[in-house]
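Take a look at the structure below.
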Number of protein chains: 2
Amino acid sequence: MKSKKGLSMKDIAKLSGVSVATVSRVLNNNGRFSEETRKKVMEVVEKFNYQTNLVARSLRTNRSQIIGVIVPDITNEFFAAIVLAIESYCFLKGYSVFICNTNEDEEKETAYFKDLIAKGIDGLIYISGKSDKISKETLLKDIPIVFIDRKPNISSNDIVYIASDNYKGGVLATEALIKRGCRNIMILKDIRNLSTVTQRYLGYRDTLMKYNINLGEEYIVNVKKVDFEEARKAVKESIKKGLTFDSIFACTDWLAMGAIAALKEEKIAIPDRVKVIGFDNISISKYSHPAISTISQNPEKLGKTAAKVLLDLIEGKTNKTTNYILPVELVLRETT
Amino acid sequence: MKSKKGLSMKDIAKLSGVSVATVSRVLNNNGRFSEETRKKVMEVVEKFNYQTNLVARSLRTNRSQIIGVIVPDITNEFFAAIVLAIESYCFLKGYSVFICNTNEDEEKETAYFKDLIAKGIDGLIYISGKSDKISKETLLKDIPIVFIDRKPNISSNDIVYIASDNYKGGVLATEALIKRGCRNIMILKDIRNLSTVTQRYLGYRDTLMKYNINLGEEYIVNVKKVDFEEARKAVKESIKKGLTFDSIFACTDWLAMGAIAALKEEKIAIPDRVKVIGFDNISISKYSHPAISTISQNPEKLGKTAAKVLLDLIEGKTNKTTNYILPVELVLRETT
DNA sequence: GAATTCTGTTAAATTTTTTCATAAATAATC
DNA sequence: GATTATTTATGAAAAAATTTAACAGAATTC
């Protein structure tokens, strides 16, 4: 693959009869030059459709106008929406984004992180990553980092954390069920204690306490993976064990989907005998049957906020390290 | 944001008492060096966790180990699955990917294309892009390009086209409906004549002909946008107009979703009075009510194939410009 | 003693930005 | 109006980190 290399500044300089430095000055509107030379240079630039070699610029300036986004799974609608928002904002501001799917694989995360640094990214957005492993290395290079969704267990000047109000979401979901007469509320959640899930759980727990509801450990049903099948099996098992519950707070819409499948199979009427509420408000929750009540997050806002904060940090427009907690909303549909 | 720049080869050279070139040779396992020096160098490299500056390498070698992916909307599950497959394969092979959402905006497409070239990408995957606008510029720089899904209206040595067998999909869908007794089959499709949709339509048309079914123009219902609401409105309008149809072939699952919503609102029984079949087999089609029969594509295979072909082209392992048409499958569910 | 092999050094190349120096033009001073 | 001071425009050269090619010296083999 021989590549017909494009013109370089040197060529432009020669063609327009000035020095390389002058071309650079004109192109970047930086330093002094006469109107006359500007015109001369720009004519040649346009005639030959000259494009700056961004690799060379990056080497020289140590700035790349590139950020990295590390995300578990872009196939997940919620993450995809966040990424889209990041990408859109970055495009507007002249940044490109490296997309890095980790599938929660720590090794892949570390490998990507190193590679991104070596490629000279200006900043990094970490969506729900494992976040602990890289802490030390991260802090050595100091590019700004923004965490979305999952809280990092490290802190630094250049680190910001952005998430939805998961605690409030847990409260809203639980209260919605209690207001509809439920007392035996099962919570269906990821077994790993991710900050997001933990917050939702705490909202649930505190709300039960507030209403003087006391439930045994068996009402906390953990699944190994946030996945339709896992949820279906777990709920089915609880039914088989004879657990009496009148509602399920699923910490994810996909878990809710699985729970509903189990209930249907057992011919348990929704919402009459058991009510269900999910979390995330992914599109499927609206169109599945029955339509799932849920707590909606705003992934666009999460993504845009993250991108904005990161770019501001990169460009030195801010250096405050405040965290952002975005509001959630209760969406009532047919399962409650 | 002062950046504590990492060590350079020069530092490693100094620290291990050899020359820069020697360090390079050791690191790239290129040229000759003694085992002794190798050890000396690697010790220092590991001790200080040296990372090659990929920007400098890229500048010198004119190779970046980066590819670009231009995609209309990563939020679309089908595209997301393709992108994930691309990314996974690239990661395995040591490439990173720039993700570029265009939202079908031609200007954004062109801007991204230029930027990607300036950033020195080694190759490009175009998913269902507008593909015509950039043709000339594309061919000037000669990096290999692989098109997925939508057929480019240009051809070149370095261009490959990969898609599902959309024609066959159209045939399968239409035959499935005919076999279930349908004769008045509406086709619901995107008004833009994208190669994918056109192929599906031709499959439909030819199948009707094969079975001697003759339908008026009014059975071809076009929507401006592939979108739930558009489909709902369009189908509703056809009903109001008094069109008699016993089935709908929707060229996309999302269109099928909208069609079903319209039918439900009009209290038309599915599949008893009207059967529906979609295209793509996105996850929602399985879980919506009634579950949608559809033609399944294999986005993972599309993405992986595209990535493999592109990387082979980049690395000169192949230079054949064959196109790939991947098989589709009929998935029967409740709407037929 | 010549040819071959091995090892390491030096210098050039990639493209852009920046610093420094010089030349030219303009303004300020007496 | 001549001299100095200031401003403006431009070019030359260095720097950024790496790879590669040319080269030189030493060791080995024939």
Side-chain angles (χ1 to χ4, degrees), chain A residues 2-42 44-45 48 50-66 114-115 117-122 141, chain B residues 2-42 44-45 48-66 115 117-122 141:
Chain A
K2 85 257 131 187
S3 78
K4 279 173 218 157
K5 305 280 321 288
L7 293 182
S8 75
M9 271 192 170
K10 208 152 102 185
D11 302 313
I12 301 298
K14 206 169 287 171
L15 286 162
S16 51
V18 298
S19 72
V20 178
T22 302
V23 176
S24 170
R25 278 192 281 253
V26 169
L27 254 26
N28 298 309
N29 196 25
N30 173 11
R32 302 180 197 290
F33 48 86
S34 69
E35 176 57 20
E36 196 191 1
T37 35
R38 214 217 70 209
K39 256 162 99 178
K40 255 194 320 195
V41 170
M42 288 313 289
V44 179
V45 163
F48 293 92
Y50 164 79
Q51 293 284 125
T52 305
N53 180 323
L54 296 178
V55 178
R57 173 181 286 169
S58 176
L59 177 61
R60 177 63 233 234
T61 61
N62 204 27
R63 284 284 309 280
S64 60
Q65 304 281 113
I66 300 172
K114 278 187 185 165
D115 186 64
I117 295 295
K119 287 209 168 97
I121 56 166
D122 292 337
K141 340 278 171 182
Chain B
K2 84 252 131 189
S3 78
K4 280 175 217 156
K5 306 284 316 294
L7 293 183
S8 75
M9 269 192 175
K10 209 152 100 185
D11 301 314
I12 301 298
K14 205 169 287 172
L15 286 162
S16 50
V18 297
S19 72
V20 177
T22 302
V23 176
S24 170
R25 276 197 281 254
V26 170
L27 254 25
N28 298 310
N29 196 26
N30 173 12
R32 306 180 194 287
F33 48 86
S34 70
E35 175 56 20
E36 194 192 4
T37 33
R38 215 217 70 212
K39 253 162 106 180
K40 255 193 319 195
V41 171
M42 289 313 288
V44 179
V45 163
F48 293 93
N49 193 26
Y50 165 79
Q51 293 285 124
T52 304
N53 180 325
L54 296 179
V55 178
R57 172 182 287 169
S58 176
L59 179 61
R60 176 62 230 236
T61 61
N62 204 27
R63 283 285 309 281
S64 61
Q65 304 281 112
I66 300 173
D115 187 64
I117 294 296
K119 288 209 168 101
I121 56 167
D122 292 337
K141 342 275 171 184

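To find a chain, count down the sequence lines: A is the first, B the second, and so on, and within it residues start at 1. Atom set for the values below is all heavy atoms of this structure, side chains included, hydrogens, waters and symmetry mates excluded.
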TODO: State the CG-NZ distance between A:Leu15 and A:Lys40, to the nearest 0.5 angstrom.
DONE: 12.5 Å

TODO: Would you name the heavy atoms of A:Ala13 and A:Val23 that are closest together and state the gap between them?
DONE: CA-CG2, 3.6 Å

- [ ] Let me know the distance between CZ of A:Phe33 and C1' of D:dT7, rounded to the nearest Å.
- [x] 16 Å

- [ ] Sugar-phosphate means primed atoms, P, OP1 and OP2; the rest is base. With that split, encode nucleotides 17-26 of chain C 5' to 3' as B, S or - using protein heavy atoms under 4.0 Å.
- [x] BBB-------

TODO: Report yes if the side chains of B:Tyr50 and B:Leu27 come closer than 4.5 Å at any heavy-atom pair, otherwise no.
DONE: yes

Task: Rounded distance (Å) that lies between atom P of D:dA17 and atom CD1 of A:Ile117 - done: 16 Å

Open item on the list: How many whole angstroms separate atom CG of B:Leu59 from atom C1' of C:dT16?
Closed with: 9 Å

Open item on the list: Angle between the end axes of the helix from C:dG1-D:dC30 to C:dC30-D:dG1, five pairs per end, to the nearest 10 degrees?
Closed with: 50°

- [ ] Name the nucleic acid region contacted by A:Ser58, choosing base, sugar-phosphate or nothing; use a 4.0 angstrom heavy-atom cut-off, strictly under.
- [x] nothing

Open item on the list: Could you check whether any side-chain heavy atom of A:Arg57 comes within less than 4.5 Å of a side-chain heavy atom of A:Thr52, counting everything from C-beta outward?
Closed with: yes

TODO: Give a yes/no on whether any side-chain N or O of B:Ser8 is located under 4.0 angstrom from OP1 or OP2 of D:dA17.
DONE: no

TODO: Answer yes or no: does a side-chain N or O of A:Thr37 lie under 4.0 Å from OP1 or OP2 of D:dA9?
DONE: no

Is there any protein nitrogen or oxygen under 3.5 Å from a nitrogen or oxygen in nucleotides 3-6 of chain C, and what are the pairs?
from: C:dC6; atom 1: OP2; to: B:Arg32; atom 2: NH1; distance (Å): 3.3

Task: Least distance between heavy atoms, B:Asp11 atom then B:Ser8 atom - done: OD2-N, 2.8 Å

TODO: Would you mind reading off the distance between A:Asn53 atom CG and C:dA13 atom P, rounded to a whole angstrom?
DONE: 17 Å

- [ ] Provide, to the nearest angstrom, the distance between the NZ atom belonging to A:Lys10 and the C1' atom belonging to C:dA13.
- [x] 8 Å

Open item on the list: Restricting to salt bridge (Lys or Arg N to Asp or Glu O under 4.0 Å), what partner residues turn up for B:Glu36, sequence neighbours left out?
Closed with: none

Open item on the list: Could you report the tightest heavy-atom contact between B:Leu7 and B:Phe48, atom names first, then the distance?
Closed with: CD1-CB, 3.2 Å

Open item on the list: If you compare all heavy atoms of A:Lys10 against all heavy atoms of A:Val20, which two are closest, and at what distance to 0.1 Å?
Closed with: CA-CG2, 4.0 Å

Open item on the list: Let me confirm one number: the CD1-NZ distance from A:Ile66 to B:Lys119, rounded to the nearest 0.5 Å.
Closed with: 5.0 Å

Task: Distance (rounded to the nearest 0.5 Å) between B:Ser24 OG and B:Asn29 CG - done: 11.0 Å

Open item on the list: Using OP1 and OP2 only, check whether a side-chain N or O of B:Tyr50 sits under 4.0 Å from D:dT18.
Closed with: yes

Open item on the list: For DNA chain C, which residues of residues 11-18 of chain B approach it to below 4.0 angstrom with any heavy atom?
Closed with: B:Val18

TODO: Let me see the working for B:Ser58 and B:Val55 under side chain to side chain contact (heavy atoms under 4.5 Å, CB included), right down to the final yes or no.
DONE: CA-CA 5 Å; B:Ser58 176; B:Val55 178; 5.7 Å; no

Open item on the list: Once side-chain hydrogen bond (donor to acceptor under 3.5 Å, both in side chains) is applied, do any residues pair with A:Arg60, and if so which ones, sequence neighbours excluded?
Closed with: none

Open item on the list: Taking A:Arg63's backbone N and O only, do any of them form a donor-acceptor pair with A:Asp122's side chain (distance below 3.5 Å, no angle check)?
Closed with: no

Task: Heavy-atom closest contact (A:Ala56 atom, A:Asn53 atom, distance) - done: N-OD1, 3.0 Å

